[in-house]
Amino acid sequence: MDLLASLNPPQRDAVIHPGGPLLILAGAGSGKTRVLAHRVAYLIQERGLAPQRILAVTFTNKAAHEMRERIDTLLGGRVARPMWIGTFHAICSRILRADGEAIGVPSAFVIYDEEDQRKVVRDALDELGFDERRYPPALMHSMIGRAKDEALDVARYAARATSFMEEAAARVWQVYQRVLRARGALDFDDLLLETLRLLDEHPDVLHRYQERFEHVLVDEYQDTNRAQYLFVHALAGRHRNATVVGDDDQSIYRWRGADVRNILEFERDYPDATVVTLAQNYRSTKTILAAAHAVIQHNPHRHPKQLWTSNADGVPVTIYEALDGADEARFVAAEIQKRTSAGARLRDIAVLYRTNAQSRLPEEECLKAGIPYQVVGSVRFYERQEIKDILAYLRLTVNPGDLVSLRRALATPRRGIGDVTLQRLAAQAEEAGYAMLEAMRRPQVLESLPRTAARAIEEFAAIIATLTDAAATLPASQVIAQALVTTGYQTMLQDEGTEEALGRIENLRELVTVAQEVEESTGEPGLAAFLQHLALVADVDTYRGDADCVTLMTLHSAKGLEFPVVFVTGLEEGLCPHIRALDEEGGLDEERRLCYVGFTRAKAELLLTHARTRSIFGSPSVAVSSRFLEEIPQALTTSVVARPAWAEGVGSLGRGSGPGAQRRPVQTFAVGARVRHTKFGDGQVVEVEGEGDGAIVTVRFSGAVKRLALCYAPLEVAE
DNA sequence: GTAATGTGTTTTTTT
DNA sequence: AACACATTAC
């Protein structure tokens, strides 16, 4: 296959770049994923590079899968299998599993998620005798997290601490880290930091990986943090074949430690770097691109650049001013139905918002309207209660020292073991130098406990022992299936019998299926590998592009995706830009980039909505439309304003409620377009006067020619 | 030791 | 509005 035929000149330059550092500045929709896939395929096919000598870092697992598939398609066959491709976290996890023992990381380490981490922080505060009111756990946790993003260690952080709070955080961090280590656990940041430490302290390991990876490619480079930066530069240090791709305008993870300087200063890091700029957009209409550009150009300190496209002008951007959140949701649902009845596919439509909480109203409206939808994110699959409960048992079998999991497993199903018993156990275990699980098996320990408690403990220890045996020989999926029964968890849910409980059983079955799939795709059947994999699943990894439904998700999750029709909802001051971002240095710029990312997801049609009142924590408050909306030139937009309920039924169209029925959101029709009117039937547009809200179209129907006010006439595009 | 009730808090965004 | 956490009652 000719890998270059379908590429434009700069894309081709990037693909055939012989070696040495390469920076690809790729604007939204400029085909960067394609270029990366083609470059890898080219290296393999034309340069004869062995796939296992390539390391590619993507932002999500989903992107990793897609990349692998694209490369396979380009080359024909499953060529990309031996190539390492995944997120920073997944790749570091793999390295640590293989080589972590050298720095004392057990290969079956568990990964603590946000909730687990919070518990450890609170334990640490407790141990230090710090009052949670004076030292909020959330604040302590985030201070530690930010420091880790910058690849600091406790000692250096403590040394440079300037405030009282920072000194406190340093002490908490110290205990936090000791606790994690004692439990054989790592948090997300540790995956990177421990890998860096491994590479630093064991030059032989560093050299092995450096030697192996002749090419290192990194996608979404604008969203890498300091630790990730160091990782890339360490691994590419030998061959110097680092290819990084990114767009400073799409940097939206600063709050997570992402440092846009990584991309802006790549040329300083590598003075001999080749820079390729991809400025042609293949995704969006001229109108959408112009609107997006109008917004982003308000940001200072950006690489000045302007995307262009040879695509059509397309239709204007719709701006809808809703009465409130519910009205906004009704508008969205009505517009979706309009488009699907005109032949659009549900999977081509996305509804985006700033915060997860905003998904509720559109969800309800979709439900009412019978529109199938999927929500990406909000409650993550593996963070569901039932999943975490079962995982707690499994984690214990892999890692007996995991106290967070022990506490969790002991609590559900209820076994009559509470804090009192647990503390007695812990005290005895410490005294005798046993691990907790070990103490549970000692007769002399059990004897000292009340009879009922002792029997419950025995039973629990037996369950863990059975599962541990199973985990030693069986693949993860079978261990999980067994755990559902052995722990009594499934019985508990069945007895409960509520719809919710049955849903939970469903989720647990799904977990078994997921395990089977992961076993197949990774070829690593063990429970430890599965658990580590599971902890690294991102929200957007659950997005099913092939499902026949509308997609609801946050602006963050939407990065890297595209849809013919995109709604961006809640464009109000305080929401987008978010109020919490406004008092952070540079926060507004990042909100604007987020908005830009949202706009540039749209291929054909972009609909922006905001509400006049918005419920915050249950109580309604007046909302002002987002400054980002004001930044879009009116020439590019069509505005629709909701009519308040009290004006309903005056004069016209008294059918039903909701904006879809009472006031027709304005569509635009070109002269010649075939249209359908509910009363007059099919016709053809012969003239358009004015535009937007006040437009009047003249339509020739089979019987008569009519002049119709677009905002009131029940007129649609005919399919 | 558990279930029920009450209170306060929360929302940015996520690997 | 929804949820986590604490207190209270059993």
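Quick note on labels: first sequence line is chain A, next is B, and so on, each numbered from 1. Just so you know, these numbers use all the heavy atoms, side chains as well, and skip hydrogens, waters and symmetry mates.
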Take atom P in B:dT11 and the same atom in C:dA6, then report the distance between them in whole Å. 16 Å

Check every strand shown and say whether A:Glu584 touches a base, only sugar-phosphate, or nothing at a heavy-atom separation below 4.0 Å. base

Please report the distance, rounded to the nearest Å, between CG in A:Leu582 and P in B:dT13. 15 Å

Is A:Tyr393 reaching over with its side chain to a backbone N or O of A:Ala409, donor-acceptor style, under 3.5 angstrom? yes

Are the side chain of A:Arg122 and the backbone N or O of A:Arg118 linked by a donor-acceptor pair below 3.5 Å? no

Students often get this wrong, so: under 4.0 angstrom with heavy atoms, is A:Arg593 touching a base, only sugar-phosphate, or nothing? nothing

Separation of B:dT15 atom C1' from A:Ile252 atom CD1, nearest Å, is 13 Å

Please report the distance, rounded to the nearest Å, between CZ in A:Phe59 and P in B:dT15. 8 Å

Rounded to whole Å, the CD-P distance (A:Glu364 to C:dA2) equals 8 Å

Please work out if A:Glu114 contacts a base, only the sugar-phosphate, or nothing of the nucleic acid, heavy-atom cut-off 4.0 Å. base

With a 4.0 Å cutoff (strictly under), does any side-chain N or O of A:Thr60 reach OP1 or OP2 of B:dT15? no

Of the options B:dT13, C:dC5, B:dT11, whose atoms approach the side-chain atoms of A:Arg122 most closely? C:dC5

Counting only side-chain heavy atoms from C-beta out, which of C:dA1, B:dT13, B:dT14 sits nearest to A:Arg360? C:dA1

Consider the side chain of A:Arg580, meaning its heavy atoms from C-beta on, and name the nucleotide among B:dT15, B:dT11, B:dT13 that approaches it most closely. B:dT11

Between P of C:dA1 and CD of A:Glu363, the distance in whole Å: 16 Å

Could you check whether A:Glu364 pairs with A:Arg360 (Lys NZ or Arg NE/NH1/NH2 to Asp/Glu carboxylate O, under 4.0 Å)? yes

In whole angstroms, how far is the C1' atom of B:dT15 from the CG atom of A:Leu191? 9 Å

Does A:Ile85 offer a backbone N or O that forms a donor-acceptor pair with the side chain of A:Thr58 under 3.5 Å? no

Write down the distance between CE (A:Met492) and P (B:dT2), rounded to a whole number of angstrom. 13 Å

Roughly, in whole Å, what's the span from CG in A:Leu352 to P in B:dT13? 14 Å

Under 4.0 Å, counting only non-hydrogen atoms across every strand here, what does A:Tyr253 touch: a base, just sugar-phosphate, or nothing? sugar-phosphate

Any side-chain N or O of A:Asn356 under 4.0 Å from OP1/OP2 of B:dT14? yes

Would you indicate, yes or no, if C:dA1 has its OP1 or OP2 atom less than 4.0 angstrom from a side-chain nitrogen or oxygen of A:Ser619? no

Nearest to the side chain of A:His89, which nucleotide is it out of B:dT11, B:dT15, B:dT14? B:dT15

State whether a side-chain donor-acceptor pair under 3.5 Å links A:Ser626 with A:Glu572. no

State whether the aromatic ring of A:Phe88 stacks on the base of B:dT15, taking stacking to mean ring centres under 5.5 Å apart and ring planes under 30° to each other. no

